[in-house]
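Lettering follows sequence order; numbering is per chain, from 1.
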There are 2 protein chains.
Amino acid sequence: MNPESISTFPVRIRVVLADDHKMILAALRSLLAKESDIEVVGDAADGHALLELAGRTAPDVAVVDIGMPSMNGIEATQQLLAVHPALKVIALSAYSDRRFVMEMLDAGARGYLVKASAGDELPRAIRAIMQGRTYLCPEVAGTLVEAARGKARGEPTAQLSRRERDVVALLAEGHSSLVIGERLHIAGSTVEVHRRNIMRKLNLHSIAELTKYAIREGLTSP
Amino acid sequence: MNPESISTFPVRIRVVLADDHKMILAALRSLLAKESDIEVVGDAADGHALLELAGRTAPDVAVVDIGMPSMNGIEATQQLLAVHPALKVIALSAYSDRRFVMEMLDAGARGYLVKASAGDELPRAIRAIMQGRTYLCPEVAGTLVEAARGKARGEPTAQLSRRERDVVALLAEGHSSLVIGERLHIAGSTVEVHRRNIMRKLNLHSIAELTKYAIREGLTSP
DNA sequence: TCGGCACTACCTGATATCCGGTATGGAATT
DNA sequence: AATTCCATACCGGATATCAGGTAGTGCCGA
């Protein structure tokens with residue numbers, strides 16, 4: 001027991017981490033362990049685990065990698081905020097593409113960091129978020145400014161439903177309709193219908209084209 | 001000053017890190033900072049910086065991310081070992097593709113970890129390497145075993161033939177075997193054989209995975 | 001000259017894709 | 001209340017994938 005630290009930080013910021021690379025998870029955890037006002041209360045390797053974790057640990061902040069398999073960071077954020085509206089989400093990504101940024105912010109993220117950011121940006125972002133501010137790393141702020149200048153109107157980025165995006169991501173991982181059905185707890189035939197609707201909407205005609213689309217959209221990583 | 005730690009670890013393992021993501025760099029650094037027998041003496045964001053760093057700090061071990069811009073981890077490792085033959089290199093990658101693994105080991109790396117490995121694998125790998133052992137994470141060991149079973153002889157990098165690359169590129173464009181056959185003026189059944197050989201060589205099991213491979217290899221664009 | 005390898009080609013069979021159709025329940029919108 | 005959209009589910013059929021096998025030709029290195 002350490003009375004000094006208790007009096008200095010009576011309430012530490014409770015953080016959960018989500019990334020599909022366990023090693024990165026461990027590394028980020030130890031990065032944040034140095035901050036005495038921040039406590040990492042759990043980590044998850046995909047969106048489903050993140051949802052379960054958030055329900056169990058009731059964190060203040062979730063740091064979410066965008067490029068996760070099965071359920072990516074964008075979907076995870078939407079579902080997370082639907083259940084826990086008070087939760088604050090910080091997106092972490094290798095890229096600063098406008099599409100990712102916009103979709104993640106639309107999904108309700110309050111912060112966006114690229115992995116090329118300096119290491120001390122993460123704790124700074126967490127503290128800023130906890131004060132109710134929005135935190136964007138410089139690269140992302142730049143792309144946002146460009147986006148705002150180029151297009152004031154919001155274009156239809158997401159023409160696929162949430163379920164369809166789930167299916168696209170899993171198809172692009174190389175799974176068959178039957179396996180995807182088991183994963184999503186629906187019939188394989190339903191997955192088939194989703195796939196056909198997706199292909200008709202996007203004018204695609206093969207799994208290869210679908211996979212490329214998923215990669216361009218960040219629904220899976222190459 | 002702490003005499004105890006000095007006497008306990010008179011010679012700490014000197015490590016340098018290379019990754020294009022600064023945040024990952026900082027996170028890995030803090031992950032290793034917990035290990036009292038390991039000292040991170042520097043980090044670099046690309047191959048050139050790594051070469052300069054190694055010349056300046058004379059480390060025992062270099063942990064190198066494969067996916068770096070301008071000079072990737074494979075080239076960097078080759079050049080690094082040409083100048084510092086005693087240096088021990090551990091490859092760090094998001095993927096466990098046989099091609100990457102083989103090329104990295106051919107380049108002289110003594111260890112290979114995927115980022116999905118557990119966080120404590122990195123310090124374990126570093127210690128193993130320092131004892132002159134080779135350290136491969138389970139995923140990589142698996143692909144190596146398959147490679148060894150397929151080819152008893154130590155052939156470098158089971159690469160694809162020119163024709164197989166043609167077929168991969170066209171498959172990744174979404175064409176069927178029959179159409180590809182017409183395009184290449186060979187029978188569709190021959191294209192089928194090429195596809196099967198490719199998939200066996202690369203340990204892929206679907207067009208989606210094949211498409212991702214083609215994109216990573218630059219055989220087609222996303 | 002022999003073995004290995006790449007490229008070519010065909011056969012069989014199980015499974016999957018791809019493209020139609022129909023239909024129900026729920027949620028959101030009008 | 002009616003409409004529209006999404007998600008769910010099933011049927012049928014043509015085509016393709018995926019995974020085995022065999023086999024001939026040509027080229028190159030041991």
Side-chain angles (χ1 to χ4, degrees), chain A residues 70-71 75 78-79 82-83 156-214 219, chain B residues 98-99 102 146-214 219:
Chain A
S70 87
M71 175 165 35
E75 299 301 325
Q78 287 171 343
Q79 298 195 24
V83 184
T157 316
Q159 37 188 337
L160 297 185
S161 70
R162 188 174 69 250
R163 203 52 158 176
E164 287 170 338
R165 288 180 162 254
D166 291 342
V167 172
V168 168
L170 289 168
L171 283 169
E173 294 291 327
H175 302 299
S176 72
S177 295
L178 211 62
V179 171
I180 294 171
E182 291 170 8
R183 188 78 68 90
L184 297 179
H185 304 105
I186 58 179
S189 55
T190 303
V191 176
E192 283 280 294
V193 173
H194 285 311
R195 183 179 54 70
R196 277 156 40 199
N197 290 337
I198 291 161
M199 286 181 159
R200 197 184 57 248
K201 279 185 185 178
L202 302 175
N203 193 30
L204 306 176
H205 302 87
S206 67
I207 292 292
E209 291 173 274
L210 196 84
T211 302
K212 289 187 178 190
Y213 169 83
L219 296 172
Chain B
R98 198 165 100 196
R99 176 165 180 276
M102 295 305 250
E146 299 209 3
R149 249 204 312 235
K151 292 191 170 187
R153 221 38 248 132
E155 199 71 16
T157 329
Q159 273 180 347
L160 299 185
S161 67
R162 187 174 296 104
R163 203 54 158 175
E164 287 171 337
R165 291 187 162 251
D166 291 341
V167 172
V168 168
L170 289 169
L171 283 169
E173 294 294 327
H175 301 301
S176 71
S177 295
L178 211 62
V179 171
I180 293 172
E182 292 169 8
R183 188 77 68 91
L184 297 179
H185 304 105
I186 59 179
S189 55
T190 303
V191 176
E192 283 280 294
V193 173
H194 285 312
R195 183 180 54 70
R196 275 157 39 199
N197 289 337
I198 292 161
M199 286 181 159
R200 197 183 57 247
K201 279 186 185 179
L202 302 174
N203 194 29
L204 306 175
H205 301 86
S206 68
I207 291 292
E209 291 173 275
L210 195 81
T211 303
K212 290 186 178 190
Y213 169 84
L219 296 172

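If you take CG of B:Leu184 and C1' of C:dT8, they are 12 Å apart, rounded to a whole angstrom. Rounding to whole angstrom units, CD1 of residue B:Ile180 and P of C:dT8 are separated by 13 Å. With rounding to whole Å, A:Ile186 atom CD1 is found 18 Å from C:dG26 atom P. Here the P atom of nucleotide D:dT8 and the CD1 atom of A:Ile198 are 11 Å apart, to the nearest Å. C:dT17 atom P lies 16 Å from atom CG of A:Asn197, rounded to whole Å. For the pair B:Arg163 CZ and D:dC27 C1', the interatomic distance rounds to 16 Å; values are reported in whole Å.
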Yes or no on side-chain contact (heavy atoms from CB on, under 4.5 Å) for B:Arg195 and B:Ile207, after CA distance, side-chain angles and deciding distance? CA-CA 9 Å; B:Arg195 183 180 54 70; B:Ile207 291 292; 4.2 Å; yes
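At the phosphate of D:dA9, OP1 or OP2 sits under 4.0 Å from a side-chain N or O atom of A:Thr190. The phosphate of D:dA9 (OP1 or OP2) has no side-chain N or O of A:Ser189 nearer than 4.0 angstrom.
Using a distance-only test at 3.5 Å, with no hydrogens or angles considered, a donor-acceptor pair links the side chain of B:Lys212 to the main chain of A:Ala172.
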For a quick test of your reading: what N or O donor-acceptor pairs under 3.5 Å do the side chains of residues 174-181 of chain A make, sequence neighbours left out?
from	atom 1	to	atom 2	distance (Å)
A:His175	NE2	A:Arg183	NH2	3.4
A:Ser176	OG	A:Val179	N	3.4
A:Ser177	OG	A:Glu192	OE2	2.7

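Of the candidate nucleotides C:dC10, D:dT8, C:dT8, C:dC10 has the atom lying nearest to any side-chain atom of B:Ala187.
Rounded to the nearest 0.5 Å, atoms OG1 (B:Thr211) and CG (B:Leu219) are 11.0 Å apart. Between atom CD1 of residue B:Ile198 and atom NE2 of residue B:His194 there is a gap of 7.5 Å, rounded to the nearest 0.5 Å.
Contact check for B:Leu184 versus B:Thr190: no side-chain heavy atoms found under the 4.5 Å cut-off.
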Nucleotides 13-25 of chain D: protein proximity per nucleotide (B base, S sugar-phosphate only, - neither; heavy atom, under 4.0 Å): ---SSBBBB----
